[in-house]
Each structure stands twice: as structure tokens, then as C-alpha cells.
Amino acid sequence: MTVKPAEYNPKQIESYWSEKWERDGLYRSRVDWSKPKHYALTMLPYPSGDLHIGHWFAMTPSDARARYMRMKGYNVLFPMGFDAFGLPAENAAVQRNVHPWKWTYSNIERMRKQLRSMGAMFDWEREVVSCDPSYYKWTEWFFKVFFDNGLAYRGEAMVNWSPTLQTVLANEQVIDGKDERTGQPVIQKLMTQWFFNITRYADELLDYSSLDWPETVINMQKNWIGRSEGAQVTFKTEHGDAIEIFTTRPDTLWGATFMVLAPEHPLVEKVTSEGQKAAVETYKAQVARLTEIDRTAEDREKTGMFTGGYAINPVNNERIPIWIADYVLITYGSGAIMAVPAHDQRDFEFARKFNLPIRVVIQPEGETLNPDTMPEAHSHEGIMVNSGPFNGTPATNDKGRKNPAINAVIDWLEVQGIGKEAVNYRLRDWLISRQRYWGAPIPIVYGEDGTVESVPEEDLPVLLPEDVEFMPTGQSPLMFHQGFLNTKTRDGKPARRETDTMDTFMCSSWYQLRYLSPNYDHAPFDPEEAAYWLPVDVYTGGVEHATMHLLYTREFTKALRDFGVYDATAEAMRRHGRNPEGQFDEPMLVLRNQGQILGEARPGHFVMASGHFEGEKLFANKVKVVDRNAPVPANFDGVAGEIIRRTERILTVDVSTTVDEKLVTVEVLDGAEIDIPEIEGQNNVNQLKHRLDIQRMSKSKGNVVNPDELVAKYGADTVRAYLMFAFKFEKGGPWDSQGIQGVIRWINDVWEIVTTGAPEGSRPDEKANRDLLRKTHQTIARVTDGLEKFSFNTAVAALMELKNLMQASVRAQSISPEVWHESVKNMLLLMAPFTPFLAEALWEHIGEPYSVHTQAWPVYNAEIAAEDEVTLVVQINGKVRDRIQVPASITEEEAKATALASERVREFLNGGQPKKVIYIAKGNMVSIVI
RNA sequence: GCCGGAGUGGCGGAACUGGCAGACGCGCACGACUCAAAAUCGUGUGGGGUGAUACCCGUGUGGGUUCGAUUCCCACCUCCGGCACCA
């Protein structure tokens with residue numbers, strides 16, 4: 001007697017198994033030198049309050065892969081934590097009077113639950129929270145290491161300063177030069193801030209040879225670092241002061257007809273003549289008022305001012321005027337340039353505007369440039385002219401030493417002692433100061449005598465005081481907290497604490513280390529753990545972190561290596577027989593970026609609204625949703641069209657189908673009659689749907705997909721599998737609420753097949769048995785390959801195919817119970833990474849030992865997977881003309897003979913001889929040329 | 001402007017190293033079950049053509065290499081991303 005199997009009930013299964021796994025510590029990861037390790041990491045979330053579908057898309061495929069690695073025999077570490085410092089918590093404090101501490105922790109509490117519902121193999125005992133003193137103690141400690149080793153320094157930097165609020169604003173808080181919230185103007189102000197000398201590592205950061213990272217990320221980082229090769233040349237002012245310049249085109253030195261200094265350049269004052277003083281000051285003041293954005297605005301006309309001073313060009317001792325202009329940036333190179341208008345477009349524009357001389361020194365072949373008439377600079381190849389000893393030297397389009405002209409001039413400059421080969425970077429040092437409360441304090445103390453010292457290690461962490469007041473002005477409460485502010489230097493003299501806190505990228509630059517031993521209190525991480533787990537083997541996250549986070553964490557790792565932080569770890573590695581060589585150069589060896597899940601497109605309701613017009617606007621007392629294809633009655637005098645936008649009771653209706661004007665505003669009056677046929681009962685204005693285009697999800701757009709709701713409705717397994725199936729991992733795409741049906745059906749079918757049990761009383765047929773086993777092994781290969789390559793969608797597709805054949809075999813009663821069991825067993829093992837709850841429940845159901853997740857990954861058997869019959873494809877002149885079923889063991893001669901004997905081929909040959917017959921074994925194909 | 005990536009059915013997407021384009025799924029159409037609907041099951045589904053075959057066209061566009069091109073080469077178009085007065 002067959003018992004009717006229970007319905008698939010994900011809620012029950014998922015809560016049962018997650019509790020059991022938790023109790024059993026199934027996902028605890030411990031150092032075990034007898035096994036190979038695998039450190040899988042996914043970027044830790046900011047605790048904004050709710051888990052987004054994007055988090056699921058980022059984390060569940062990575063989890064599937066981590067589970068696969070575990071079944072492959074690796075000892076896997078897959079931790080999770082929270083990047084918990086940052087501005088939103090502080091904004092909440094100001095706006096809603098909740099302490100950031102409370103706000104953050106209650107969000108974390110909520111998100112932990114949501115994360116657990118995912119069914120990921122996170123080891124929660126390794127959780128880290130970056131705003132916890134036990135964590136930020138070490139963030140401070142790293143700062144101290146950098147400070148003590150001279151990597152951290154104080155420097156001046158421009159900040160967005162709000163004079164109204166007396167505070168610094170982040171870039172994203174400034175819109176059109178105004179404070180986003182108050183609308184008050186923001187100015188650029190120089191402030192002393194803390195930096196890390198990241199440029200020290202620029203060259204090493206450009207070496208990606210040991211990394212398997214997406215090309216796009218490497219490309220972005222290379223752009224960001226912006227290495228350029230050239231020469232540094234020393235010009236002198238008339239009065240003998242040196243002006244260093246950097247140029248990528250030393251071959252154009254003889255064409256320099258003026259110099260330009262950045263307005264902030266320290267020599268400006270000295271070179272400015274009495275007569276130009278007032279004009280120069282005016283210009284400088286004008287520049288200071290501009291924000292970075294204004295200054296770099298597109299197609300901006302060149303501005304500048306003559307200083308009255310002159311410089312001597314060292315290559316030909318020519319006297320050339322010195323100008324200042326804001327197109328020269330104080331932050332790049334030396335803040336001064338030689339201007340070669342004939343061969344640099346920016347200099348050219350400047351020279352034309354201010355009537356400065358232009359001299360051609362690179363003459364392109366086949367044309368003669370005329371300085372008076374040339375429409376733009378010539379920045380390409382040619383022959384050097386007007387260049388003293390170098391006349392006739394060819395200049396190519398190559399950069400740096402590869403260009404013979406540049407190469408020769410650099411050698412000459414070095415011999416003459418007026419310049420040398422040099423490299424410059426676009427990359428700026430990392431500004432880590434934030435004038436905020438909710439961040440890790442910078443452990444620095446300022447003595448009254450101006451001394452700057454780091455806080456002794458035994459006094460770390462410098463704790464954030466909790467009894468602080470958040471003022472709506474946005475100022476950091478640390479500046480007013482006397483208990484925090486007042487302290488002592490090491491030798492007991494009165495001192496003041498640094499009130500800036502650290503950039504949150506600082507916290508996320510080393511969190512992969514804290515996961516190793518979150519409770520370790522002698523050091524940021526336990527060398528014994530690190531010796532085993534480091535480095536991270538696979539890292540996944542969004543491409544938006546390509547330049548900042550990923551560059552900082554690489555730099556951080558290299559600095560720790562150089563400052564000996566890994567010495568004890570290297571020692572432990574050696575003790576365990578692992579070679580530490582090169583293990584601390586890079587934090588993450590393999591990187592993959594997931595794409596983004598966008599909002600689903602949806603048409604808006606098509607409505608007929610009537611009421612009374614006031615001007616262009618309709619005040620509606622009746623709104624009826626109608627079929628958009630139905631004709632609107634000719635005598636209808638209201639507004640008919642699709643709702644494009646709806647904000648509360650204000651509708652924007654696209655009436656282009658009926659009248660010429662496109663958009664009409666309709667205000668729905670209180671108590672208006674709303675009729676939406678598809679929703680029964682009393683309707684209200686909030687049920688009217690507006691059109692949604694494909695765009696990023698956001699609450700205000702109303703296109704957010706809530707994973708909690710999906711889990712409640714379908715179960716976590718379905719949500720996981722759907723996300724992996726429906727999108728390319730690296731690409732993402734718009735959400736499709738219908739597509740999930742396919743995964744629901746698949747999971748239900750699997751449930752039904754397995755719970756129904758092996759077919760009893762079937763009439764097994766040898767061929768069907770063999771076909772199913774073959775398919776099973778082909779699926780092993782495809783799923784394995786998919787997981788290896790982050791091609792989750794094809795792996796799920798393969799599992800669906802296996803299910804399809806299994807279902808057909810079961811229905812046809814054509815397979816034996818043994819084959820059913822063998823096939824089901826393998827299928828559940830293969831499904832375990834994707835649908836961990838379902839696989840576990842069914843694994844138990846078929847009587848296999850707990851847990852499916854600790855089983856070995858199925859081994860592919862090529863012999864079983866091999867087809868015994870294949871389709872021989874016959875092409876004539878590259879077109880498929882016939883298909884013949886043949887044994888897979890067919891030889892080349894047999895295949896050619898079979899093909900030539902085919903009816904279709906004989907028709908085409910028409911008695912003649914083929915010119916050529918080609919056999920392609922791997923494609924089971926014969927290609928005949930006639 | 002410079003650097004990079006991508007264009008395949010109505011949709012998401014598949015195709016190993018140059019070898020049967022469109023796997024798998026959604027959607028859609030028709031049929032079965034049902035009083036009906038949902039669910040489920042069956043059949044079909046790139047376009048043209050045919051009663052059905054045959055055949056022709058088809059992976060952004062145009063050329064090329066090849067017995068054979070979504071895949072390689074050249075030129076172009078479109079979209080997306082990064083950088084951008086960086087000397």
C-alpha cells in the first residue's frame with residue numbers, strides 16, 4: 001500500500017533543519033591541517049535594517065559554491081559580519097534621536113534573523129561587528145602600526161565645509177555646491193587631516209600576476225592608479241628658485257613657450273611681480289570659491305592670470321612667462337607644468353585665449369604645421385624640429401622609454417643634470433579622517449606643546465563615549481565631550497584627543513583577518529588560525545567596490561606584511577610545513593563580481609478619471625481602471641490614459657493615446673470613487689498602480705522585491721535556486737516575478753519524485769536504466785563545471801534536465817528501484833549546494849545518513865556518461881543535410897562511408913565525386929565538399 | 001577624449017578549444033481534466049515557406065579567413081561601465 005506523500009512544506013522543513021544544523025554545529029569551521037582549506041568570503045553588509053534581494057543574490061550563490069567546496073573535501077570557512085560604522089546611523093541619531101549604538105544593533109539583530117533564513121553555511125561563532133570595541137580596538141591598533149611606521153601622516157586636504165553648520169560634509173551630501181539637507185552653500189576649505197601613504201605601494205598594486213580577478217576590476221584599478229612615465233625637469237625662475245615640473249613628453253621641451261603653476265603653488269607669491277599682485281590675488285580668490293566639481297566641469301573655458309614673473313627653460317635658456325591657471329592641479333605631479341601649446345591641447349587652448357606664442361617642435365610627416373593657423377595641438381608622432389641637438393629624431397606614438405625621442409631626451413637630461421626619468425600617479429593618498437562620531441577613533445593625542453603621539457597599546461581601544469548629544473548641526477559630538485577630549489600625554493602632560501574618526505573603509509580593509517579569531521585579544525588575529533586559513537581563496541561582491549575597498553584592502557595587506565604583522569603567522573606556517581612565501585602579498589586570490597538585481601518593469605493602470613478641471617489640473621471624484629485597448633467614449637470629458645507616476649493622491653497620467661498633450665496631473669479628491677475591477681470590494685487611491693521602468697530598486701520607486709515575503713511564500717530553497725537560475729551571476733538583471741514558477745515546479749517535482757519512492761512493480765527496461773544513469777553522470781559533470789565557473793544558471797538547468805528524465809522514467813515505470821535510488825541519491829547530493837533544506841530533508845527521507853552536507857561530492861564516471869549511440873551530422877559545403885543515428889564507437893572510415901552512402905548525400909553528389917571529405921570526431925560530423 | 005565590457009527568439013539565458021544556434025526556464029497558443037477557474041498533464045513555439053516535406057533566411061551592421069564562424073580578423077553602429085584640464 002502506498003501512502004500518499006506529504007505536501008512540500010518549506011516553512012516546516014526549513015525551520016526544522018536550521019534548528020538542527022545550529023544545534024549540531026554543522027557549520028562550525030575549525031583549523032584542521034589534515035585537510036586542505038578553502039576560505040570563501042562575501043562582502044559583509046552594512047546593517048541598514050533590512051536584507052535586500054541584492055544581498056541574497058550576492059550571498060546565496062557564494063554559499064552554494066562554498067558548500068560544494070566542502071563536499072569536495074575542503075575544510076571551508078565562510079563567515080559573515082557587519083560593516084557597522086558609518087553615516088546613516090549618525091543621521092538616524094540626529095533625526096530620530098536614537099543613539100547610533102542602539103540603531104545599529106537593533107538593525108543587526110533583525111538582519112541576523114534574515115540572514116539565517118537564507119540557509120547559508122555561515123559560521124556565526126565567527127561573526128564580527130566592526131563597531132564593537134573588541135573589533136575597533138584593532139582598527140585603532142592598525143592605525144597605530146601605520147603611524148609608528150611612518151605610513152600615516154597629517155596633511156592638508158580640501159573638504160566640503162558648511163559655514164552655516166560649522167561642519168564638514170561628505171561628497172554625497174553636497175549637491176550643486178549646496179548642503180543637500182539645508183540647501184545652504186558649501187565652500188572648499190583646507191583642513192589638516194590624516195592620510196595613509198598608499199601611493200608608496202602604487203607600483204606593487206599594479207602587479208596582478210598572482211590574482212584571478214575580473215579584467216574590468218583590474219582595468220578600473222589601473223585607471224585609478226593612473227601610472228604615467230616621463231621625466232622630471234627643473235626649471236628656474238629668473239631669480240634662481242627651482243620649479244620642478246613633470247612631463248610625459250620631454251621630447252617637446254624645446255616647444256615650451258610659457259609655464260603654468262597651480263594657483264595654490266607655494267612659489268606663486270614669490271614669482272608674482274608688484275604690478276600683477278592684485279590681479280593674481282583676485283584670481284586666486286576666484287578659484288578658491290569653486291568646488292572640485294565646478295573646477296572640473298566639462299568644456300570649461302580656460303582661465304588664468306600672468307604672474308609677471310619669468311622662468312628659464314633649462315634646455316635652451318629661453319626666458320618664458322609664468323602664469324597661474326586652475327587647469328593645473330596642485331594635487332598632481334608638482335603642481336607646475338611647462339606649457340607646450342603646439343603639442344598639448346590644453347596648453348594650446350590656453351595659448352590661443354591669452355595670445356601666447358606657439359612653437360612647433362614635432363613636425364608630422366607629410367604636412368607642415370603652422371603655429372598661426374593650426375586648429376588644434378598636434379600630440380602625435382613626427383620628427384623633432386627646433387630642438388637643438390635632437391633635430392631629426394623621430395618621435396613615435398609610444399609612451400615613455402619606448403618612444404625613441406623621449407628615451408633619447410631623458411638620457412640627455414640626466415647627462416646634463418637638469419632632469420631625470422620619473423613616474424607619476426593619478427592615485428592620491430588615502431584620506432582616512434572623518435569629522436564624525438560614528439567611526440573608530442583615531443588613537444592620537446596632541447600635547448599642549450604641539451607634540452603628536454599615538455596612544456600606547458595598553459590603552460587601546462580609545463572608546464567612543466556613549467553619553468553624547470547629537471546636534472542637528474551635524475557636528476561631531478566628540479568635539480564637545482570634555483571627558484573624551486581631555487587626556488594626558490605619555491609623560492603625563494595635559495593633552496587633547498584627536499576627534500576625527502576613521503573612514504569605514506579602514507574597518508573593511510582587514511575584516512577578513514578578524515573572522516579568523518573574533519574573540520582573540522592578544523592581537524588582531526590568532527597566528528595559528530591565520531597560518532591555516534589565509535589568504536582568502538574566493539571573494540565575491542559588487543563591482544562598485546572595485547577601486548576603493550579592493551584597492552585599500554590590497555594596500556593594507558601589503559603594509560601589514562612590510563611592518564611584520566604577519567611574522568608570527570609565517571612562523572606558524574613553517575611549523576606546519578606550509579611555505580609562507582608570497583602568502584601575505586594579496587588578501588584575496590580569486591574575485592568575482594555579481595551583477596545587480598533591478599526592479600521589474602510593469603505597465604501602469606489605464607484609467608478614466610473625471611471631475612472638474614482647474615486650469616490644466618483635474619480634480620477627480622471618480623477614477624476607473626479600464627482596459628487600455630478599449631475605446632474611450634467620444635463624449636468622455638475627463639482624463640484617460642496610463643498612470644505614469646503616483647505620489648499619494650497626485651497622479652501623472654499619460655494621455656498621449658487620446659489627446660496631443662502628453663502628461664496631465666490629476667488630484668484624486670477625498671472620498672472619490674475608485675474602481676479597480678481586478679481588486680474586489682472597496683478600492684482606494686493607494687491601490688492604483690503606476691508604471692515602473694526597469695531601474696534600480698528603491699523604496700521611493702515602489703519596485704522593491706522583499707526577500708522575506710518571497711521566503712514566506714515559497715521557501716528559501718526556491719528563492720536561492722531562482723536567483724541562481726534566472727540570472728547570470730556576473731550580470732544580474734531585472735526581477736521577473738513570473739519566472740520563479742519554473743523553479744517552484746522543479747522543486748515540487750523533485751519532492752514528489754523522491755517522496756513517492758522507488759517505483760515498485762515496474763517493468764524495468766535495460767535501456768531506460770542505462771539512459772538515466774548516463775544522464776545522472778552527465779549531470780554530475782555539468783553541475784560540477786557550473787559551480788567551478790560561477791555558472792550557477794547552467795548548473796541548475798542541468799539538474800532540471802535530470803529531473804525531467806527521471807520524472808519521465810518514473811511515469812513510464814521503466815526503471816528499476818536500484819537505478820531510481822542511485823539516481824535520486826546523486827541528484828540530492830548535487831542539489832545540496834543549491835537547495836540545502838530540501839536536499840537534507842529528502843536525503844533523510846531516502847534513509848541516507850545525516851547530513852547530506854557532509855557527504856562527498858559525487859564522482860563523475862566518464863564510462864557511464866558516455867553515449868552509446870550518437871547522431872552523425874552530415875554537412876555538404878558547410879550546411880547540415882542529413883543526420884544519421886550511429887554507434888558512438890564508429891571509426892572515421894565507417895563514419896565517412898555512412899555519410900557518403902546516405903540518400904541525401906547521393907542526391908547532392910548526383911553521381912559525381914566529392915572534392916573533400918572531412919571527419920570531425922568530437923562533433924560527430926562529416927563535412928563533404930562538392 | 002582615453003580605457004574596458006556587451007549586443008543571440010516575445011523574455012531570462014545556453015552553446016567545450018572554429019563543428020548540429022536557441023539547452024533549461026518563463027511566457028504564449030492549442031488540447032485534456034473541470035460546471036468553471038486555478039493547479040496539473042499533453043502538444044507546439046526563431047522568421048519565411050509547405051497539406052506535410054523540401055528549401056530559404058537568421059546570433060548588432062558590412063566585409064574577410066575557412067569545408068564550416070555566435071566563436072577568429074578588419075571596419076562600423078548601438079548600449080553599458082570606469083577615468084577624465086592628470087601635464
Side-chain angles (χ1 to χ4, degrees), chain A residues 214-228 230 245-249 252 260 262 295-303 325-329 331-340 343-347 349-350 379 424-428 543-544 546-547 601 722 725-728 730-743 745-746 748-749 752 781-782 785 789 791 793-804 811 871-883 904 907 914-930:
Chain A
E215 277 304 319
T216 47
V217 173
I218 293 176
N219 178 43
M220 277 189 238
Q221 291 203 348
K222 283 182 176 170
N223 277 344
W224 189 260
I225 294 168
R227 180 188 156 99
S228 42
I245 60 111
F246 172 74
T247 176
T248 54
R249 293 296 303 276
T252 63
V260 186
R295 223 174 129 164
T296 55
E298 239 177 299
D299 299 327
R300 212 173 129 246
E301 182 136 340
K302 295 273 176 299
T303 64
D326 64 3
Y327 81 91
V328 174
L329 310 174
T331 45
Y332 185 79
S334 58
I337 62 159
M338 66 161 181
V340 185
H343 306 291
D344 181 285
Q345 187 59 26
R346 296 153 300 181
D347 300 344
E349 284 164 20
F350 195 82
S379 51
N424 237 302
Y425 302 92
R426 198 198 76 94
L427 181 72
R428 311 283 165 82
V543 72
E544 66 274 17
T547 45
Y722 180 52
F725 176 65
F727 307 91
K728 284 197 203 192
E730 325 79 57
K731 197 175 157 206
W735 179 256
D736 174 0
S737 51
Q738 286 190 114
I740 199 166
Q741 281 305 328
V743 173
R745 287 173 190 148
W746 170 51
N748 277 317
D749 286 351
E752 193 194 306
R782 286 174 64 192
D785 188 59
K789 294 179 179 158
S791 175
N793 52 346
T794 56
V796 175
L799 285 163
M800 287 177 171
E801 281 184 49
L802 176 60
K803 180 235 63 178
N804 287 346
R811 284 181 184 161
T871 306
L872 183 72
V873 175
V874 185
Q875 286 190 351
I876 294 171
N877 289 347
K879 289 196 167 172
V880 178
R881 296 298 180 183
D882 205 3
R883 293 188 169 90
R904 301 291 330 275
E907 274 170 38
K915 279 194 201 135
K916 212 198 255 184
V917 180
I918 303 156
Y919 174 65
I920 299 101
K922 66 174 175 178
N924 303 311
M925 177 182 290
V926 175
S927 186
I928 298 167
V929 189
I930 59 173

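Numbered from 1 within each chain, the chains take letters A, B, ... in sequence-line order. These numbers were taken from a predicted model, which means no experiment stands behind them.
- B:G4 shows a glycosidic angle more than 90° from 0 and is accordingly assigned anti.
- The partner of B:G51 cannot be assigned: no Watson-Crick or G-U wobble pair with both contacts below 3.5 Å exists in any strand.
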- Task: Kindly indicate, with the supporting measurements, whether the criterion side chain to side chain contact (heavy atoms under 4.5 Å, CB included) is fulfilled by A:I928 and A:R881.
- Result: CA-CA 10 Å; A:I928 298 167; A:R881 296 298 180 183; over 6 Å; no

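- Distance A:E215 CD to B:G5 C1': 11 Å, rounded to the nearest Å.
- Listed candidates were B:A14, B:G27, B:A87. Nearest to the side chain of A:Q741 is B:G27.
- The side chain of A:F725 sits closest to B:G25 out of B:G25, B:C20, B:A87.
- Using atom P as the reference point in both B:G58 and B:A21, the two lie 13 Å apart (nearest Å).
- Contacts of A:T547 with the nucleic acid, taken as non-hydrogen atoms under 4.0 Å apart, are absent.
- Between A:D347 and A:D344, the shortest heavy-atom contact is N-OD1, 3.1 Å.
- Counting any heavy atom pair closer than 4.0 Å across all strands shown, A:N877 reaches sugar-phosphate atoms only and no base atom.
- In this structure, A:W746 reaches neither bases nor backbone, as no heavy-atom distance under 4.0 Å exists between it and the strands shown.
- When the salt bridge (charged side-chain N to carboxylate O under 4.0 Å, His left out) test is applied to A:R426, no partner is found at least two apart in sequence or on another chain.
- B:G22 and B:G47 have their C1' atoms separated by 13 Å, given to the nearest Å.
- Within the 4.0 Å cut-off from OP1 or OP2 of B:A14, at least one side-chain nitrogen or oxygen of A:K728 is found.
- Here B:C83 is the nucleotide among B:C24, B:C83, B:G27 with the atom lying nearest to any side-chain atom of A:R426.
- The base of B:C85 sits within donor-acceptor range of the side chain of A:K302, with an N or O pair under 3.5 Å.
- Among the nucleotides B:A23, B:G27, B:C67, the one closest to the side chain of A:A797 is B:A23.
- B:A39 and B:U53 have their C1' atoms separated by 39 Å, with the value rounded to a whole Å.
- Checking side-chain atoms of A:N424 against main-chain N and O of A:S228 turns up no donor-acceptor pair under 3.5 Å.
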Mind listing the N/O atom pairs, protein and nucleotides 15-19 of chain B, below 3.5 Å?
unit_1: B:G19; atom_1: N2; unit_2: A:Q875; atom_2: OE1; d: 3.2

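- Across all strands shown, B:G25 forms a Watson-Crick or G-U wobble pair with B:C11, both key distances being under 3.5 Å.
- The gap from the P atom of B:A36 to that of B:G27 amounts to 23 Å, rounded to the nearest Å.
- Atom name P, nucleotides B:G60 and B:C11: the rounded distance is 14 Å, in whole Å.
- Below 30°, between 30° and 60°, or above 60°: for A:Y327 and A:F350 the angle between ring planes is between 30° and 60°, a tilted geometry.
- Proximity note for A:D749 (side chain, C-beta onward) versus B:C20, B:C24, B:C41: the nearest is B:C41.
- Judged by Watson-Crick or G-U wobble contacts below 3.5 Å, the nucleotide B:G19 has B:C67 as its partner.
- Here B:C3 is the nucleotide among B:A87, B:C3, B:C24 with the atom lying nearest to any side-chain atom of A:N223.
- Considering only the side chain of A:V873, B:C20 comes nearest among B:A87, B:C20, B:A14.
- Summarising the base pairing, B:C79 is matched to B:G5 through a Watson-Crick or G-U wobble pair whose two defining distances lie under 3.5 Å.
- The base-pairing partner of B:A84, taking Watson-Crick or G-U wobble contacts with both distances under 3.5 Å, does not exist among the strands shown.
- Counting to the nearest Å, the P atom of B:U40 and the CZ atom of A:R811 are 11 Å from each other.
- Distances were taken from every side-chain heavy atom of A:N804 (C-beta onward) to each of B:C24, B:C55, B:A87; the shortest belongs to B:C24.
- Taking the six-membered ring where the residue is Trp, the centroids of A:Y722 and A:W746 are separated by 6.0 Å or more.
- Of the P atoms belonging to B:A54 and B:G46, the separation is 14 Å, rounded to the nearest Å.
- Nucleic acid contact class of A:R883 (heavy atoms, under 4.0 Å, all strands): base.
- If you check every strand for non-hydrogen atoms under 4.0 Å, A:K731 touches sugar and phosphate atoms only.
- Closest approach to the A:T216 side chain among B:C67, B:G5, B:C26 is made by B:G5 (side chain taken as heavy atoms from C-beta onward).
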Enumerate donor-acceptor pairs with a distance under 3.5 Å from any side-chain N or O in residues 871-879 of chain A to protein atoms, sequence neighbours excluded.
unit_1: A:T871; atom_1: OG1; unit_2: A:Q885; atom_2: OE1; d: 2.7
unit_1: A:N877; atom_1: OD1; unit_2: A:I930; atom_2: N; d: 3.0

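- Across all strands shown, the partner of B:G42 is B:C30, judged by Watson-Crick or G-U wobble contacts whose two distances both fall under 3.5 Å.
- Annotation: B:A38 and B:C28 have their P atoms spaced 10 Å apart (nearest Å).
- Distance noted for atom C1' between B:G49 and B:G42: 28 Å (whole Å).
- A:R227 comes within 4.0 angstrom of nothing in the nucleic acid, heavy atoms only.
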